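One structure is given below, encoded as structure tokens.
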Amino acid sequence: MPFFLKILASPGKTQDGMKLELVEGENLAGRSAPPATIRLEGTKVSKKHCVFKVEEQTLKVDDLRSSNGLFVNGKRVESAVLNEKDRIVIGEFILEVTGK
């Protein structure tokens, strides 16, 4: 099953509604592209904020010691296994995991 992240809210609404496909392996999210493959333009997003890892049918996210942390379903986490409809907060961005 492919995994996607849908941007529900972004600063200035510039990226709202975008769908980002996650590829097998590591998908780096951050403010700087490259190296980030998921570029999130926000002042509270670290250059290398977190990494989404797709391994077979599993999606995991790991915080990369970001300044403002990583939140999944309202809780600050260092690492989490994600499921469809989970909500992730990265800086000023709210994203939702979707399979389509």
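Treat the numbers as computed from the prediction; the structure is a model and nothing was measured. Index from 1, following the sequence.
The structure places CD of Glu21 at 10.5 Å from CG of Leu5, a figure rounded to the nearest 0.5 Å. The CZ atom of Arg76 sits 7.5 Å away from atom CG of Asn68, with the distance rounded to the nearest 0.5 Å. Between Gln15 atom CD and Leu40 atom CG the span is 6.0 Å, to the nearest 0.5 Å. Atom-to-atom distance recorded for Leu59:CG and Glu84:CD is 11.0 Å, nearest 0.5 angstrom. In this structure, Leu95 CG and Ile38 CD1 are separated by 8.0 Å, a value rounded to the nearest 0.5 Å.
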I'd like to know whether Ser46 forms a side chain to side chain contact (heavy atoms under 4.5 Å, CB included) with Leu64, so could you lay out the CA-CA distance, the side-chain angles of the two residues, the decisive distance to 0.1 Å, and finally the verdict. CA-CA 9 Å; Ser46 296; Leu64 297 176; over 6 Å; no
For this session: Under the side chain to side chain contact (heavy atoms under 4.5 Å, CB included) rule, what do Leu8 and Arg87 come out as? Steps first, then yes or no, please.
Result: CA-CA 9 Å; Leu8 302 178; Arg87 291 204 174 178; 3.5 Å; yes
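Looking at heavy atoms from C-beta onward, Asp86 lies out of side-chain contact with Glu96 at the 4.5 angstrom threshold. Using a 4.5 Å heavy-atom threshold, the side chains of Phe3 and Leu82 count as separate. Residues Val97 and Leu22 are not in side-chain contact: their nearest non-hydrogen atoms beyond the backbone lie 4.5 Å or more apart.
For the pair Ala29 and Ala36, the tightest heavy-atom approach, listed with the atom from each and the gap, is C-CB, 4.2 Å. Closest approach of Glu24 and Glu56 over heavy atoms only: OE2-N, 2.9 Å. Here the closest non-hydrogen pair linking Pro11 and Gly42 is CG-CA, 4.2 Å. The two residues Val45 and Glu92 make their nearest non-hydrogen contact at CG2-OE1, 3.8 Å.
By the side chain to side chain contact (heavy atoms under 4.5 Å, CB included) test, Asp63 is found to be paired with His49, Ser66, Leu70, Glu78, residues two or more places apart in sequence or in another chain being considered. With sequence neighbours left out, Pro35 forms a side chain to side chain contact (heavy atoms under 4.5 Å, CB included) with Leu28, Ser32, Lys48. Applying the salt bridge (charged side-chain N to carboxylate O under 4.0 Å, His left out) rule to Lys44 yields no partners; only residues at least two apart in sequence or on another chain are considered. The salt bridge (charged side-chain N to carboxylate O under 4.0 Å, His left out) test applied to Arg65 returns no partner, not counting sequence neighbours. With sequence neighbours excluded, the residues forming a side chain to side chain contact (heavy atoms under 4.5 Å, CB included) with Thr58 are Val81, listed by chain and number. By the side chain to side chain contact (heavy atoms under 4.5 Å, CB included) test, Val89 pairs with Phe71, Ile94, sequence neighbours left out.
Using a 4.0 Å cut-off between charged side-chain N and carboxylate O, Glu41 and Arg39 make a salt bridge.
Val72 and Val51 are members of different hydrophobic clusters when ILVMFWY side chains are connected at heavy-atom separations under 4.5 Å. One hydrophobic cluster holds both Met18 and Val61 under the rule that ILVMFWY side chains link at heavy-atom gaps under 4.5 Å.
The backbone N or O of Asp16 sits less than 3.5 Å from a side-chain atom of Ser10, completing a donor-acceptor pair.
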